[in-house]
There are 2 protein chains.
Amino acid sequence: MAIKDVLKAHDVKPTIVRIKIYDYLITNKNHPTADKLYKSLIDEIPTLSRTSVYNTMELFTRKNLVQTLTIEEKETRFDADTSCHGHFKCTECTEVFDFQVDISDIKHGLPADFMIIERHLYYKGLCSNCRQTTLPS
Amino acid sequence: MAIKDVLKAHDVKPTIVRIKIYDYLITNKNHPTADKLYKSLIDEIPTLSRTSVYNTMELFTRKNLVQTLTIEEKETRFDADTSCHGHFKCTECTEVFDFQVDISDIKHGLPADFMIIERHLYYKGLCSNCRQTTLPS
DNA sequence: GTATCTGCAAAACATTTGCAATTCT
DNA sequence: AGAATTGCAAATGTTTTGCAGATAC
């Protein structure tokens with residue numbers, strides 16, 4: 001399905017800015033911050049503003065086209081994969097990796113009448129690469 | 001054990017500011033932000049500054065006296081319970097609840113050579129109260 | 001031509017930094 | 001006195017806001 005049709009299917013009008021941003025997200029599954037999106041796209045869209053990136057991501061989140069990741073304070077990241085999965089952030093290279101996990105049926109101690117809408121699981125640690133580099137023992 | 005001894009046990013010199021902050025955290029298990037801590041303690045310690053709150057929380061985190069919660073962008077919260085447990089944030093009343101959960105042995109799809117150092121699980125939704133209030137059906 | 005989208009500049013906020021004043025031993 | 005702690009004021013960095021100009025149907 002073409003990108004513009006994905007946007008339309010989520011009730012989002014396909015504009016240049018939105019198509020390019022969504023394209024970036026699904027092409028580079030790298031959980032970018034707003035600033036990273038801006039810097040990555042400014043060459044392609046020289047008139048792009050940070051405001052538009054924020055506007056777009058707010059819209060995408062509302063329309064469920066992306067999910068918003070809050071792993072580290074001061075950096076909101078976006079993920080075009082809205083399915084339920086975990087995130088691993090390497091504290092050394094700062095890369096964020098997706099991982100598959102089923103957290104929908106974890107036994108938890110919450111009262112039964114709490115309504116759970118979103119579930120987030122993230123780990124922090126060292127990825128394979130950085131583990132070897134920083135702990136050369 | 002007296003608070004000052006808890007601090008000493010974690011290699012933290014017990015000063016008035018530090019004792020009051022730690023006292024607040026274990027007395028009100030309400031996952032306060034830095035600003036909430038500041039506002040809650042300014043009456044008791046009229047010379048208190050936000051800087052000291054930040055300094056203290058950074059020290060406490062480093063010395064493993066508290067854990068830092070990042071659930072929502074733009075609000076870092078602190079929890080004096082450093083054991084492994086989940087957090088539920090009610091999006092209506094903004095309250096954060098602890099819940100008991102065992103996530104140490106969740107089956108995940110990460111490569112075996114990733115070194116996991118921290119695990120965080122949080123849910124968002126509506127607590128019992130707000131569920132009744134906002135969905136009166 | 002009207003509604004929506006975009007972008008600039010300024011504002012808002014949380015957090016950090018540099019440095020001076022204070023406190024503790 | 002000397003080292004650590006504290007607090008002020010200014011700086012930083014991210015996100016938001018108001019509004020004007022551009023774009024689309």
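Throughout, a chain's letter reflects where its sequence line sits, starting with A, and its residues are numbered from 1.
What separates CG of B:Leu41 from C1' of D:dT6 is a distance of 15 Å, to the nearest Å. In this entry the distance linking CD1 of B:Ile19 with P of D:dT5 reads 13 Å, nearest Å. Note: CG (B:Leu7) to P (D:dT5) measures 12 Å, nearest angstrom. Note: NZ (B:Lys63) to P (D:dA4) measures 12 Å, nearest angstrom. The distance from atom CG of A:Leu69 to atom P of D:dT14 is 17 Å, rounded to the nearest whole Å. If you measure from atom CD of A:Glu58 to atom P of C:dC5, you get 12 Å, rounded to the nearest angstrom. Between the C1' atom of D:dT5 and the CZ atom of B:Phe60 lies a distance of 13 Å, rounded to the nearest Å. Atom CD1 in A:Ile42 sits roughly 8 Å away from atom P in C:dC8 (whole-Å rounding).
A donor atom on one side chain and an acceptor atom on the other are not found under 3.5 Å apart for A:His10 and A:Asn64.
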Task: nucleotides 10-17 of chain C: protein proximity per nucleotide (B base, S sugar-phosphate only, - neither; heavy atom, under 4.0 Å) - done: ----SBBB
Open item on the list: I need a per-nucleotide contact map over nucleotides 20-25 of chain D, read 5' to 3'. Cutoff is protein heavy atoms under 4.0 Å; write B for the base, S for backbone only, - otherwise.
Closed with: ------
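A:Thr82 pairs by the side chain to side chain donor-acceptor pair (under 3.5 Å) definition with nothing, not counting sequence neighbours. A search for side chain to side chain donor-acceptor pair (under 3.5 Å) contacts involving B:Thr27 returns B:Asp23, not counting sequence neighbours. A:Ser52 is linked by a side chain to side chain donor-acceptor pair (under 3.5 Å) to A:Ser49, counting only residues two or more places apart in sequence or in another chain. Shown here are the salt bridge (Lys or Arg N to Asp or Glu O under 4.0 Å) partners of B:Glu95, two or more places apart in sequence or in another chain: there are none. Residues passing the side chain to side chain donor-acceptor pair (under 3.5 Å) test with A:Thr47, sequence neighbours excluded: none.
Taking a 4.5 Å side-chain heavy-atom cut-off between Ile, Leu, Val, Met, Phe, Trp and Tyr, the cluster of A:Val101 extends to A:Phe88, A:Phe97, A:Phe99, A:Ile103, A:Ile106, A:Leu110, A:Phe114, A:Ile116, A:Leu121, A:Tyr123, B:Phe88, B:Phe97, B:Phe99, B:Val101, B:Ile103, B:Ile106, B:Leu110, B:Phe114, B:Ile116, B:Leu121, B:Tyr123.
A:Thr47 has a side-chain polar atom (N or O) that falls below the 4.0 Å cut-off from OP1 or OP2 of C:dG7. Distances shown here put a side-chain N or O of A:Ser52 below 4.0 Å from the OP1 or OP2 atom of C:dG7.
Counting only residues at least two apart or in different chains, salt bridge (Lys or Arg N to Asp or Glu O under 4.0 Å) contacts with residues 46-72 of chain A comprise A:Asp11-A:Lys63, A:Asp35-A:Arg50, A:Glu58-A:Arg62, A:Glu72-A:Lys89, A:Glu72-A:Lys124.
No side-chain heavy atom of A:Leu69 sits under 4.5 Å from any side-chain heavy atom of A:Phe78.
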